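Have a look at the structure below, then the notes.
Just follow the structure's listing: the first ligand is 1, and inside any ligand the first atom is 1. Just so you know, these numbers come straight off a predicted model, no measurement behind them.
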Amino acid sequence: MDTIAAIATPHGTGGVAVIRISGSSAIARADEIFRPLHGKIPSQMDGYTCAYGHILRDNTVLDDCVLTVFRAPHSYTGEDVVEISCHGGRFLTQKILRTVLCDCVRLAEAGEFTKRAFLNGKLTLTQAEAVADLISASGENAAKCARNLRDGATFRRISGFSDTLLELLSDLAVWADYPDEDIPSVDFSNLESRLELLHSDMKKLMSTYDYGRILREGLHTVIAGKPNVGKSTLFNALNGFERSIVTDIAGTTRDVVEEQIRIGGYALRLSDTAGVHETDEQIEKIGVEKSIAFLQDADLVLAVFDVSRPLSEDDEKLLSRLPMERTIAVCNKTDLGKQWEIGDYGFSDIVEISAKMLDGMEQLETAVEKFAGLFASPAEDGMIANERQRACLSEAISAVQEALDALHLGLAYDAVTVSLEGAADALLQLTGERITDAVVDAVFTRFCVGK
Ligand code: GDP
């Protein structure tokens with residue numbers, strides 16, 4: 001494979017930047033452009049050692065740097081790798097990268113280092129995907145989960161499923177291949193209970209998908225309520241409250257204002273349906289209707305009520321449509337005095353605030369954190385982290401269900417075998433042990449250059 005190079009650290013001004021070179025010409029190229037101040041040139045250095053020296057271009061010193069040599073297969077990619085730690089700064093780093101590039105070293109594509117690590121067996125596909133998630137993880141909990149996945153928790157869990165399937169398949173094969181021998185036939189209830197256990201374990205793993213999605217994309221949170229209860233004020237208070245606006249998501253096409261904020265260790269994609277009535281008087285009348293439509297997709301609803309005024313028909317309408325177990329009741333305008341108390345409707349939580357005076361915001365934050373925590377599953381046991389993995393696992397679960405159905409219908413064990421082979425295949429695709437080039441390419445294009 002040819003030799004590749006890229007800047008491995010984030011772009012922008014930083015104290016130190018790292019340029020990574022990987023491939024069979026990496027060390028020879030380092031000999032050409034690096035002059036150590038003491039000691040050995042790169043080709044004489046052992047793996048895992050570094051040297052201090054100068055990067056040269058046309059005999060001019062560009063920068064002083066620390067150069068580290070990793071020898072195949074003991075490197076991130078499994079190939080010979082050289083890492084040059086130079087002074088940060090976009091201009092200088094780019095200049096050194098250009099110096100590194102030559103006829104035998106080309107610029108790496110997005111994710112190419114990690115792709116090579118995968119192709120050389122240094123990482124499983126689920127671990128490689130976790131590296132991508134780690135790079136883009138927003139929020140402390142997301143980063144923690146991605147780190148655990150990088151350590152192979154999902155792979156181990158899936159391998160356990162695969163082992164069970166292979167055991168089942170081999171039992172069935174022995175019985176089918178040697179019907180005349182004196183081998184005890186496969187016991188129906190034993191087969192059934194093993195399949196049922198496998199099915200329920202797989203479904204347990206599948207339930208971690210929501211948590212993965214929430215960590216990756218943020219908890220999709222909708223602020224709902226009738227006009228004038230203080231939705232926009234709350235929206236702005238939450239944005240300002242944590243002062244950690246990550247991105248502006250253009251929500252204009254969906255007629256909502258969307259903002260990504262951070263609360264505790266969680267990212268929230270916050271939609272304010274109140275944005276609607278500011279632009280269209282007609283819509284103000286159907287503000288509640290509009291809010292209700294958004295509730296269907298929401299992970300969490302912050303239902304805002306004005307406790308300084310009596311409960312109205314609109315409030316009641318909203319109350320009758322809220323997904324209570326996913327709703328935190330936010331009783332606003334407490335600074336104006338409480339006219340009424342919200343009843344026990346089965347809300348996930350109830351908090352009293354004054355969005356205007358910023359009272360009670362900590363309690364709201366605690367309630368949101370508590371709610372987000374309900375989705376949490378111990379990441380040490382593995383987690384379904386993206387849509388690709390979900391689709392593979394879902395296929396495997398359906399195939400095991402088919403096997404169970406075949407068993408219950410009294411079909412020949414051949415039918416069970418075919419379904420179980422399908423399940424095993426889907427799991428091999430999940431872990432990347434049996435996968436097409438197209439899928440590998442699709443996975444790695446999610447990366448940034450230099451990883
Ligand atoms: P929305 O229509 O639900 O988005 O409501 P707004 O956020 O636009 O607020 C409507 C009015 O209520 C504005 O005049 C706000 O200043 C006021 N308001 C919002 N929250 C509070 C609060 O906690 N206390 C008081 N006194 N006024 C508030």
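- Each of the atoms 2 (O) of ligand 1 lies under 4.0 Å from some heavy atom of P227.
- S22 pairs with exactly one of D80, T77, D2, T3 by the side chain to side chain donor-acceptor pair (under 3.5 Å) rule, that one being T77.
- Using cut-offs of 30° and 60° for the angle between ring planes, the H74 and Y48 rings count as tilted.
- Applying the 4.0 Å criterion to heavy atoms of S354 picks out, from ligand 1, the atoms 22 (C), 23 (O), 24 (N).
- Ligand 1 places these atoms under 4.0 Å from at least one heavy atom of L336: 26 (N).
- Listed by atom number, the atoms of ligand 1 under 4.0 Å from D335 heavy atoms are 22 (C), 23 (O), 24 (N), 25 (C), 26 (N).
- Residue-level proximity to ligand 1 for N332 is carried by the side chain, the only part with a heavy atom below 4.0 angstrom.
- Considering V351, T327, L364, L268 in turn, L364 is the only one that fulfils the side chain to side chain contact (heavy atoms under 4.5 Å, CB included) rule with L302.
- The closest non-hydrogen atom to atom 1 (P) of ligand 1, taken over M357, K231, K356, comes from K231.
- S193 is linked by a side chain to side chain contact (heavy atoms under 4.5 Å, CB included) to nothing, counting only residues two or more places apart in sequence or in another chain.
- Close approach to S232 involves these atoms of ligand 1, each under 4.0 Å from a residue heavy atom: 1 (P), 4 (O), 7 (O).
- Checked by distance only, ligand 1 and A355 come closer than 3.5 Å through their nitrogen or oxygen atoms.
- F305 pairs with exactly one of V229, I350, L319 by the side chain to side chain contact (heavy atoms under 4.5 Å, CB included) rule, that one being L319.
- Sorted by first and then second residue, the pairs that involve residues 307-345 and meet ring-ring contact (aromatic ring centres under 6.0 Å, His included), not counting sequence neighbours, are Y345-F347.
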